Each structure stands twice: as C-alpha cells, then as structure tokens.
Visitor: 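Got a structure for you, questions after.
Numbering of ligands and ligand atoms starts at 1, following listing order. The model shown is predicted, which means the values in this text are computed figures rather than measured ones.
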Amino acid sequence: MRLYSIASGSSGNSIYVGSDKTHILVDAGVSGKRIEQGLKDLELSPKDLDAILITHEHIDHIGGLGVISRRYGIPIYTTRGTIEGILKTKSIGNIDTSLLNEICYDTSYIIGDVRIDTIKISHDAAMPVAYRFEVGKKRAAVMTDLGTYDDYTVSNLQNLDAVFIEANHDVRMLEMGSYPYLLKQRILGAKGHLSNESSGKLLTSILHDNMKNIVLSHLSHENNLPDLAYEAVKSEITLGDTKYKGEDFEISVARRDIPSNLIAI
Ligand SMILES: [Zn+2]
Ligand SMILES: [Zn+2]
C-alpha cells in the first residue's frame, strides 16, 4: 500500500491511498491542477482513480471535487449527509449525481483490492467520517477533522501500520491568536479539531511495535507550526502511559502547500 499527501491543512486536503491495482483519493480540497500534479508524482493520472472518498462537506475537503469529477467522471463515495452538503455547495459547480455513491457509518466496502472501513468522527459537519484501509495484511487510516475522540475511535485505530492523524493547533497559539472568540470556541470544542496535545494522547492509545509511519496532518496555518506540532506530539508519547518514547516512531508532518510524505508499507 502507498499513501501520499497531496495537500493537508486548513486550506485544503487531498490524500492518495492505493495499491498496485487500486487508486483512491481521500478528499479533493485543492484545485484540479494540484491533484493532477500530485498524482503525476506517483506516475498516475486522475483517469487511474477508482474512487474519491469524501470525509465531509467543508470546502477544504471538496473545493476541487467539482472540477476533477466533471473532467474525469470518477465515482465519489461519502455519507448521505455529506452528499447533501456537496450538492448545496454552489461554488464547486454541478456534480453529476450518477457519480455519487452513499456509504454508511461503521461499514466495510471493497474497491478493487482495498478494503475500506468507515469510522464516525465528532466534527461540525453533517455526517463526517474517517477511513481505515486494508490491503493484504497492511492497514492504514486517515483520521482528521475531529474535536474529540473516545474508546470507539481508539478501537477503530488499532494495529495500523501507518496513520495520518490530525494535529491542528497549539492551544496557546489559538487562544492568543487573532481569531474571533466564537471561532476559537468552535475549534476547541468537541466538534472542532484536535490540538497537538490531544493528537499525541490519541496516538499513545494506538501505538504498537509495528506502527511504522505517523503523519501529523491538517495543521492550522494560523495556530500551529510544524516543529511545534512534532515536538508536542513526541513529548506526549514520551510522557504517556506506555513503554514507548517519541523517538521510537517515524513521525513526520504533512505540508499544507506542497505534496509530502510518500509512505510505502
Ligand atoms: Zn472540517
Ligand atoms: Zn478540514
């Protein structure tokens, strides 16, 4: 399995997940051009895509969906609530409704040789989901845009080889920053985004000896810095109630503006 972040952050998200035979995009929140360029890095074209999975209808996840789906006619999979949200988002233009496929929470789907599981997440969107992927014995997940997590989340993220996990903000930067009060409350709330510390805490409950790659994702431009996210998560792991130290794992930070983090497991 290969995973590749074309873009990740509060200004646009699109992550490639695939096997030798099957090619999937999680979210299409950047321009069609950037998606084409990102896939080209992998010697792929959007024509090769078997599916676009959408996590939720916020514009940083669907901004390029109209263009890419009209140009290439790629099937789109997402929840009923997200489908409604997509169809209401006029700025992305018309979507051919025959390309839209409804999926449900806590269900497994097979596309080509990839098994996909849907995981419900806590976020201020209609019916947001995260995805877990399995190819042969390899497992990975893309878990971003969640304000909080619980035992259900943790149990769905066990035994992964790789994880893209949100580390959205540094709480102090957010609190001191220029965002309006209500927006700050939204981001900090249970339906907002995971802070660096929460991200590190969630990680400590899913770490195991064979976790190979951790990619900190969906960083805020205003309220975080890559080095800060990296150090905060590493120290949460070291201080956490496990046998592990932050240095025991390959941790990287997905870039907001350029592709990064090609992972092969
Ligand atoms: Zn969102
Ligand atoms: Zn987002």
Side-chain angles (χ1 to χ4, degrees), residues 3-17 24-31 34-35 38 52-66 68 76-92 103 105 118-132 141-149 153 163-171 173-174 177 179-180 182-196 198-199 202 215-226 229 253-261:
L3 299 105
Y4 188 55
S5 168
I6 294 172
S8 180
S10 41
S11 45
N13 297 276
S14 192
I15 293 173
Y16 165 87
V17 180
I24 294 169
L25 213 55
V26 178
D27 291 325
V30 291
S31 70
R34 285 178 64 190
I35 292 171
I52 301 176
L53 308 182
I54 301 292
T55 57
H56 64 295
E57 71 277 19
H58 289 162
I59 199 70
D60 57 318
H61 298 261
I62 64 166
L65 182 63
I68 208 91
I76 300 161
Y77 294 81
T78 193
T79 59
R80 179 175 41 76
T82 303
I83 288 176
E84 286 166 9
I86 288 169
L87 295 174
K88 273 189 231 153
T89 307
K90 297 294 169 225
S91 63
I92 63 170
I103 58 172
Y105 290 140
T118 56
I119 309 165
K120 193 174 175 180
I121 49 174
S122 175
H123 192 55
D124 58 350
M127 284 177 74
V129 277
Y131 295 102
R132 187 178 60 229
V142 176
M143 176 61 66
T144 67
D145 296 74
L146 64 163
T148 187
Y149 62 89
T153 325
V163 64
F164 282 74
I165 187 166
E166 172 164 67
N168 179 257
H169 56 273
D170 174 76
V171 173
M173 277 180 82
L174 177 67
Y179 278 12
L182 285 176
L183 181 55
K184 289 181 183 177
Q185 293 308 110
R186 183 185 91 73
I187 294 169
L188 290 165
K191 294 195 160 194
H193 292 277
L194 283 191
S195 68
N196 296 338
S198 310
S199 181
L202 173 53
V215 184
L216 307 182
S217 308
H218 208 294
L219 267 69
S220 165
H221 179 42
E222 289 274 323
N223 304 311
N224 211 352
L225 295 165
V253 182
R255 304 284 296 268
R256 290 182 332 105
D257 302 323
I258 56 166
S260 52
N261 311 92

Visitor: Answer with yes or no whether the side chains of Asp27 and Thr55 bring together a donor and an acceptor at under 3.5 Å.
Guide: yes

Visitor: Does Leu87 have any side-chain contact (heavy atoms from CB on, under 4.5 Å) partners at least two apart in sequence or in another chain, and if so, which?
Guide: Ile83, Ile95, Thr97, Leu100

Visitor: Is there a side-chain contact between Leu188 and His169 in this structure, where contact means two heavy atoms from C-beta onward sitting under 4.5 Å apart?
Guide: yes

Visitor: Which N, O or S atoms belonging to the protein are less than 2.8 Å from the Zn ion (ligand 1)?
Guide: His56 NE2, His58 ND1, His123 NE2, Asp145 OD2

Visitor: Which residues satisfy the side-chain contact (heavy atoms from CB on, under 4.5 Å) test with Thr89, sequence neighbours excluded?
Guide: Ile59, Ile62, Ser91, Ile92

Visitor: Please enumerate all residues that pass side-chain contact (heavy atoms from CB on, under 4.5 Å) together with Ser10, with sequence neighbours excluded.
Guide: His218, Ser220, His221

Visitor: Evaluate the side-chain contact (heavy atoms from CB on, under 4.5 Å) criterion for residues Ile103 and Tyr131: first the C-alpha distance (whole Å), next the side-chain angles of each, then the deciding distance (0.1 Å), finally the verdict.
Guide: CA-CA 11 Å; Ile103 58 172; Tyr131 295 102; 3.4 Å; yes

